[in-house]
Amino acid sequence: MWALMPRVRFYNGFEVPLVGLGTYLTRGEEGVKSIKQAIDIGYRHIDTAYRYGNEREVGRAVNEKISEGFITREDLFVTTKLWNSFHAPEHVAEAFHRSLNNLKMDYVDLYLMHMPMGLAFRGFQEQDLITYDSTGKVAFSEVDFCDTWRAMEELVRGGKVRSIGVSNFNCEQLSLLLSVASIKPVTNQVECNPGFTQKPLIQFCQRHDITVTAFSPMGRADRSDSSCRVTADVLQHPKVAAIGAKYGKTPGQIVLRYLIDIGTIPIPKPSNRAEMVQNIDVFDFALTTDEIALMDRFEGGKRAVPLKYYSHHRYYPFKCGEI
């Protein structure tokens, strides 16, 4: 199946498989097994991050499948991310090389700035990644993300990173970055699902030849706040079920196809093998204009991942609507 998976071409010529494997909370031996199983099923686009604490698991799974002769490194597209406390330019290269060492790879396909907000630097250990000030709030740094970006551009020039991008940026922040960048971002990875479609941001990115990668395409199952279960109504809606019946697909597959059809690269996190299979079995159909319009009506303007604990940062991206 993987050989049939369409790819999206970045403006710089590199290509990314159209559906990826999200690995947030995928850790330990079970995480390694899960990632290897996904590769066996056909996933060739794997998304991780330093903050997830699972780069070693991703690297081990990938390298074991390479050692088996099942895949080559060139078959895969691997993304990881620069964490917020490493925004100071003097920390960027070391942070990246720590990720590269965790992954045990010679290069990464895509390196993202995880968020525009810088955090206070305390070190590279897991307990140092988020620290707090005397008032109990998250401790920030005032590093300008444009300075961080310039340091990331040097990683591309060094040959260990093929493409760089951002995550959780709004249009205003992207415009500022584009005004100073000598290497522009290939993608903006943001929350995107039928309850929060990001249409204006997608259109902005398309005008600037930047792809949009959709995290939390099904909402976030680890959130206890019921208002954050943004796709629950969609997955249970009889009209979505009817669309699925028409194509012989599940409601979850209809959601993923919708996200593809509105111009994103979804990276769902499957919870079991059946979902792994279903999530990449979405390339033999496309929704009609009327079906896309029906899915559009689920837009509710609520984020599953509002990042509220960063809301007092000057670069918090969600203050002024979704611009």
Side-chain angles (χ1 to χ4, degrees), residues 1-2 4-10 15-26 34-35 38-39 41-49 52 76-81 109-110 112 163 165-169 186-199 201-203 205-206 210-222 228-232 234-235 240 243-244 247 249-272 274-287 291-292 295-296 298-299 303-305:
M1 185 181 295
W2 70 270
L4 303 177
M5 186 183 294
R7 291 176 174 248
V8 174
R9 184 180 293 270
F10 294 145
E15 295 182 337
V16 56
L18 189 48
V19 172
L21 178 73
T23 66
Y24 177 63
L25 301 180
T26 303
S34 175
I35 296 163
I39 293 171
I41 288 168
Y43 286 83
R44 297 296 180 266
H45 173 185
I46 301 174
D47 181 89
T48 183
Y52 299 171
L76 291 175
F77 187 99
V78 178
T79 300
T80 193
K81 307 178 187 76
D109 297 275
L110 177 61
L112 301 180
S163 300
V166 296
S167 183
N168 298 298
F169 272 55
V186 298
T187 199
N188 184 20
Q189 185 180 123
V190 295
E191 177 186 344
C192 187
N193 48 62
F196 195 74
T197 60
Q198 299 271 30
K199 288 285 187 75
L201 180 59
I202 292 170
Q203 292 166 2
C205 288
Q206 288 174 337
I210 298 169
T211 65
V212 173
T213 304
F215 74 73
S216 295
M218 306 290 181
R220 283 284 281 275
D222 62 308
C228 290
R229 294 172 58 209
V230 292
T231 57
V234 181
L235 296 174
V240 178
I243 296 173
Y247 296 110
K249 303 295 180 180
T250 67
Q253 288 172 306
I254 298 304
V255 167
L256 292 177
R257 186 67 233 186
Y258 167 74
L259 293 173
I260 291 168
D261 288 343
I262 66 172
T264 77
I265 304 165
I267 48 171
K269 183 185 180 299
S271 59
N272 53 55
E275 289 184 0
M276 285 183 185
V277 173
Q278 291 166 7
N279 289 349
I280 57 172
D281 184 20
V282 292
F283 305 117
D284 57 350
F285 74 107
L287 300 183
E291 289 163 348
I292 291 172
M295 297 294 290
D296 284 342
F298 289 104
E299 167 66 54
R303 291 180 178 272
V305 191

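Bear in mind the structure is a predicted one, so any value in this text is a computation, not a measurement. Along the sequence shown, residues are numbered consecutively beginning with 1.
- In this structure, the separation between CG on Leu21 and CD1 on Ile39 is 8.5 Å, given to the nearest 0.5 Å.
- A donor-acceptor contact shorter than 3.5 Å is absent between the side chain of Asn188 and the backbone of Val212.
- What you find for Thr213 and Thr187 is that their closest heavy atoms are OG1-OG1, 2.9 Å.
- Put simply, the side chain of Met295 reaches to within 4.5 Å of the side chain of Val255, judged on heavy atoms.
- Residues Pro17 and Met5 share a closest heavy-atom pair of CB-SD, 3.5 Å.
- The main-chain N or O of Val186 is found under 3.5 Å from a side-chain atom of Thr211 such that the two form a donor-acceptor pair.
- The minimum heavy-atom distance between Ile254 and Tyr247, with the atom names listed, is CD1-CD1, 4.3 Å.
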- Item | Residues Arg44, Asp109; criterion salt bridge (charged side-chain N to carboxylate O under 4.0 Å, His left out); working and verdict | CA-CA 12 Å; Arg44 297 296 180 266; Asp109 297 275; over 6 Å; no
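- Using a distance-only test at 3.5 Å, with no hydrogens or angles considered, a donor-acceptor pair links the side chain of Tyr43 to the main chain of Met276.
- Judged as a side chain to side chain donor-acceptor pair (under 3.5 Å), and not counting sequence neighbours, Thr26 has no contacts.
- Applying the side-chain contact (heavy atoms from CB on, under 4.5 Å) criterion to Lys81, with sequence neighbours excluded, gives Asp47, Ala49, Tyr52, Leu112, His114, Gln189.
- Taking both residues in full, the closest heavy atoms of Pro266 and Leu256 are given as CB-CD2, 3.9 Å, listed atom of the first, atom of the second, then distance.
- Proximity of Ile265 to His45: side-chain heavy atoms (C-beta onward) are separated by under 4.5 Å at one or more points.
- Qualifying salt bridge (charged side-chain N to carboxylate O under 4.0 Å, His left out) partners for Glu15, counting only residues two or more places apart in sequence or in other chains: Arg9.
- Annotation: side chain of Leu201 is not in contact with side chain of Cys192 (no heavy-atom distance under 4.5 Å).
- The two residues Glu191 and Val305 come nearest to each other via the heavy atoms OE1-N, 2.9 Å.
- Here Glu275 pairs with Ser271 under the side chain to side chain donor-acceptor pair (under 3.5 Å) rule; sequence neighbours left out.
- Using a 4.5 Å cut-off on side-chain heavy atoms (C-beta onward), Ile202 and Ile262 make contact.
- Listed here is the closest heavy atom pair of Pro268 and Val19: CD-CG1, 3.9 Å.
- Residues satisfying the side chain to side chain donor-acceptor pair (under 3.5 Å) test with Asn272, not counting sequence neighbours, are none.
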- After noting the C-alpha distance and the side-chain angles of Asn168 and Phe215, does the key distance pass the side-chain contact (heavy atoms from CB on, under 4.5 Å) rule? CA-CA 10 Å; Asn168 298 298; Phe215 74 73; 3.5 Å; yes
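- Taking Thr250 as the reference, Gln253, Gln278 meet the side-chain contact (heavy atoms from CB on, under 4.5 Å) condition, with sequence neighbours excluded.
- Between the CZ atom in Phe77 and the OG atom in Ser163 there is a gap of 6.0 Å [rounded to 0.5 Å].
- When the side chain to side chain donor-acceptor pair (under 3.5 Å) test is applied to Thr23, the partners found at least two apart in sequence or on another chain are Asn54.
- Residues satisfying the side-chain contact (heavy atoms from CB on, under 4.5 Å) criterion with Thr197, sequence neighbours excluded, are Lys199, Tyr258, Glu299.
- Ser34 contributes atom OG, which lies 11.5 Å from atom CG of Leu25 (distance to the nearest 0.5 angstrom).
- Judged purely by atom type and a 3.5 angstrom limit, Arg7 has no side-chain atom pairing as donor or acceptor with the backbone of Leu18.
- Residue pairs meeting the salt bridge (Lys or Arg N to Asp or Glu O under 4.0 Å) criterion with at least one member in residues 259-271, sequence neighbours excluded, are Arg257-Asp261.
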